[in-house]
Chemist: 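First the structure, which I've put down as structure tokens, then a few questions once you've had a look.
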Amino acid sequence: MENQKPLQNGNNVAGDGSALIFLGTGCSSAVPNAMCLIQPSDPPCHVCSQSLSIPPEHNPNYRCNTSLLIDYCSTNGMHNYIIIDVGKTFKEQVLRWFTFHKIPRIDSIVLTHEHADAVLGLDDIRVVQPHSPTNDIDPTAIYLTQYAMDSVASRFPYLVQKKLREGQEVRRVAQLDWRVIEEDYDKPFVASGLKFIPLPVMHGEDYICLGFLFGEKSKVAYISDVSRFPSNTEYVISKSGRGQLDLLILDCLYKKGSHNVHLCLPQTLDALKRICPKRALLIGMTHDFDQHKDNEVLMEWSEREGIHVQLARDGLKIPIDL
């Protein structure tokens, strides 16, 4: 698995400084699509059928739930590991990419929202925590909105329970330090030394999801689930607003048409032209997209529009000066 060229504005040496690692770049049902394998079409789906002959680590069209690992190297040289979203495929991502990229732990968790593809891996956080049968370990900080907190508490009550009831046995569970954040770009928070600015976006007209803006030396925005940008949020991340992004990581579900709760490629490209980042990487793709063929098409678009855009892939690592 090759790394892409670094995004550096300072003097960090690639490999020694900060980096972004894409743990997952697929939609909620992931890729391959199970139905393409158990009830194959004629001819079979080109993208999904590759999973039968190519190991996932060598198959750029194998996509787990969207998730980003930020390897943040602070000015003192210490590394902190911050993960955005822990979805249904979290443990698979740990086994494949934590080992490949030598990620030793998670220091903080940041959640975009409380849908299954963002939170159903929370139970497995314990696999990256020190083993303690009595749960006597330091909890991992987790940042989320009050709405997400209420939802997670109803689905995972044992993860938020502070004290055992009388007579209740101790069982080993993930230890988490719940920290509620606000859906307001004027109210940033700091996770493991890195400042995050919340970016509220519409994920369907009835639901607010968060993206995040982070990085001082290189400005990065991560927006995984969006159907529409509120004007204030778009202003914060636009070249014509608060300043050009070095990297925009953006939702892109289908290659054609539109969708009620996600951007599809036509809307994604329109958004890129409005926001005008220096570089963009697309995530959240279905089996509509073939990594090699569609990146060739996107390269032509990039040359035409002057904005470098490509599909991200699982396991992609980008050194970056944060």
Side-chain angles (χ1 to χ4, degrees), residues 24-31 33-35 63-68 84-90 109-122 142-156 180-187 196-213 221-238 241 248-275 277 280-289 309 311-312:
T25 59
C27 58
S28 181
S29 55
V31 180
N33 184 315
M35 289 298 289
R63 304 180 181 114
C64 289
N65 293 159
T66 53
S67 179
L68 184 72
I84 301 180
D85 288 343
V86 284
K88 296 175 283 186
T89 55
F90 170 68
I109 303 163
V110 179
L111 297 183
T112 58
H113 64 316
E114 42 70 58
H115 286 170
D117 56 347
V119 305
L120 284 195
L122 285 174
I142 178 167
Y143 299 83
L144 72 173
T145 65
Q146 186 62 59
Y147 183 86
M149 179 77 251
D150 294 341
S151 175
V152 168
S154 69
R155 285 187 276 179
F156 298 97
V180 173
I181 59 175
E182 297 191 44
E183 301 169 351
D184 190 333
Y185 51 81
D186 284 330
K187 296 183 179 178
F196 287 82
I197 296 173
L199 299 171
V201 296
M202 304 311 298
H203 183 21
E205 288 304 306
D206 61 348
Y207 191 91
I208 295 175
C209 182
L210 290 185
F212 297 100
L213 176 64
Y222 179 87
I223 303 173
S224 60
D225 296 79
V226 57
S227 55
R228 180 174 64 83
F229 292 92
S231 57
N232 289 344
T233 294
E234 186 164 318
Y235 178 83
V236 170
I237 60 174
S238 294
L248 174 58
I249 301 165
L250 187 58
D251 189 17
C252 186
L253 186 67
Y254 292 120
K255 193 186 300 187
K256 298 178 180 178
S258 61
H259 195 271
N260 61 320
V261 298
H262 287 279
L263 296 181
C264 297
L265 185 60
Q267 299 85 49
T268 298
L269 295 179
D270 285 345
L272 292 180
K273 287 192 282 188
R274 296 195 311 271
I275 296 168
L281 287 166
L282 308 186
I283 58 173
M285 291 84 69
T286 65
H287 64 162
D288 262 15
F289 290 91
V309 56
L311 305 178

Chemist: Indicate the atoms forming the closest heavy-atom contact of Phe90 with Gly121, along with that distance.
Modeler: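 Reported closest heavy-atom pair: CD2-O, 3.7 Å.
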Chemist: Taking salt bridge (charged side-chain N to carboxylate O under 4.0 Å, His left out) as the test, write out the residues that go with Glu183, two or more places apart.
Modeler: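 Salt bridge (charged side-chain N to carboxylate O under 4.0 Å, His left out) list for Glu183, sorted by chain: empty.
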Chemist: Any heavy-atom pair between the side chains of Thr25 and Leu281 that's under 4.5 Å?
Modeler: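 In short, these two side chains do not touch, never coming nearer than 4.5 Å.
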Chemist: Please name the pair of heavy atoms, one in Ala271 and one in Leu250, separated by the smallest distance, quoted to 0.1 Å.
Modeler: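 Shortest heavy-atom separation between Ala271 and Leu250 comes out as CB-CD2, 4.4 Å.
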Chemist: Looking at every heavy atom in both Met285 and Ala312, which two are closest together, and how far apart are they?
Modeler: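 Scanning both residues, the minimum pair turns out to be CE-O, 3.5 Å.
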Chemist: To the nearest 0.5 Å, how far apart are CD1 in Ile283 and SG in Cys252?
Modeler: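 Between Ile283 CD1 and Cys252 SG, I get 10.0 Å after rounding to 0.5 Å.
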Chemist: Within a radius of less than 6.0 Å around OH of Tyr207, do more than 12 heavy atoms belonging to other residues, nucleotides or ligands occur?
Modeler: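 Yes, because the 6.0 Å sphere around OH of Tyr207 holds more than 12 heavy atoms from other groups.
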Chemist: Minimum heavy-atom separation for Glu182 and Pro198, please, with both atom names.
Modeler: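 Minimum heavy-atom contact is O-CG, 3.5 Å.
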Chemist: With distance as the sole test, does Arg155 use its side chain to make a donor-acceptor pair with the main-chain N or O of Glu114 at under 3.5 Å?
Modeler: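 Pair found, side chain donor or acceptor close to backbone of Glu114.
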Chemist: With a 4.5 Å heavy-atom cut-off, do Val309 and Thr268 have their side chains touching?
Modeler: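 Side chain of Val309 against side chain of Thr268, heavy atoms only: no contact under 4.5 Å found.
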Chemist: Which value, rounded to the nearest 0.5 Å, describes the distance between Ile208 atom CD1 and Thr145 atom OG1?
Modeler: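 The CD1 atom of Ile208 sits 9.5 Å away from the OG1 atom of Thr145.
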Chemist: Specify the closest pair of heavy atoms between Ser67 and Ile84, including all atoms of both residues, with the distance to one decimal.
Modeler: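 Taking every non-hydrogen atom into account, OG-O, 3.1 Å.
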Chemist: Apply side chain to side chain donor-acceptor pair (under 3.5 Å) to the pair Lys255 and Thr286, showing each step before the final yes or no.
Modeler: CA-CA 9 Å; Lys255 193 186 300 187; Thr286 65; over 6 Å; no
Chemist: For Pro200, is there any backbone N or O sitting under 3.5 Å from a side-chain donor or acceptor partner on Thr233?
Modeler: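 Here the side-chain-to-backbone pair exists.
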Chemist: Indicate yes or no for a side-chain donor-acceptor contact from Asp85 to the backbone of Thr66 under 3.5 Å, with no hydrogens or angles considered.
Modeler: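 A pair under 3.5 Å: no.
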Chemist: Is the closest side-chain heavy-atom distance between Phe229 and Ile223 below 4.5 Å?
Modeler: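 Phe229 vs Ile223: side chains touch.
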Chemist: To the nearest 0.5 Å, how far apart are NE2 in His287 and CZ in Arg63?
Modeler: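 Between His287 NE2 and Arg63 CZ, I get 10.0 Å after rounding to 0.5 Å.
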Chemist: In Å, rounded to the nearest 0.5 Å, how long is the span from CG of Asp186 to CD1 of Ile197?
Modeler: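 Interatomic distance, Asp186 CG to Ile197 CD1, rounded to 0.5 Å: 8.5 Å.
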Chemist: Taking the side chain as everything from C-beta on, heavy atoms only, tell me whether Phe212 gets closer than 4.5 Å to Ile181.
Modeler: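 Yes, close enough: below the 4.5 Å cut-off.
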Chemist: Determine, stepwise, if the pair Ile142 / Val152 fulfils side-chain contact (heavy atoms from CB on, under 4.5 Å).
Modeler: CA-CA 12 Å; Ile142 178 167; Val152 168; over 6 Å; no
Chemist: Does any pair with a residue in residues 226-238 pass salt bridge (Lys or Arg N to Asp or Glu O under 4.0 Å), and if so which ones, sequence neighbours excluded?
Modeler: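 As it turns out, the salt bridge (Lys or Arg N to Asp or Glu O under 4.0 Å) pairs with a partner in residues 226-238, which skip direct neighbours, are Glu205-Arg228, Glu234-Arg274.
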Chemist: Contact between Asp117 and Asp225 at the side-chain level, heavy atoms closer than 4.5 Å - yes or no?
Modeler: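 With C-beta onward as the side chain, the pair touches.
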Chemist: Could you label the plane-to-plane angle of the His115 and His113 rings as parallel, tilted or perpendicular, counting under 30° as parallel and over 60° as perpendicular?
Modeler: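 It falls in the perpendicular class, over 60°.
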Chemist: CG/Leu248 to CD1/Ile237 distance, rounded to the nearest 0.5 angstrom?
Modeler: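 If I round to the nearest 0.5 Å, the distance is 5.5 Å.
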Chemist: Side chain of Thr89, backbone of Asn65: donor and acceptor closer than 3.5 Å?
Modeler: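 Judged by distance alone, yes, a pair lies under 3.5 Å.
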Chemist: Once rounded to the nearest 0.5 Å, what's the spacing between atom SG of Cys27 and atom CG of Asp251?
Modeler: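 Answer for the SG-CG pair, Cys27 versus Asp251, is 10.5 Å.
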Chemist: Please enumerate all residues that pass salt bridge (charged side-chain N to carboxylate O under 4.0 Å, His left out) together with Asp206, with sequence neighbours excluded.
Modeler: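 If we apply the salt bridge (charged side-chain N to carboxylate O under 4.0 Å, His left out) test to Asp206, skipping adjacent residues, there are no hits.
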Chemist: Does Leu282 reach the side chain of Leu265, with side-chain heavy atoms less than 4.5 Å apart?
Modeler: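 Touching, per the 4.5 Å side-chain cut-off.
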Chemist: Looking only at heavy atoms, which two atoms of Met202 and Pro230 are closest? And how far apart?
Modeler: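 Result for this residue pair: N-CD, 4.1 Å.
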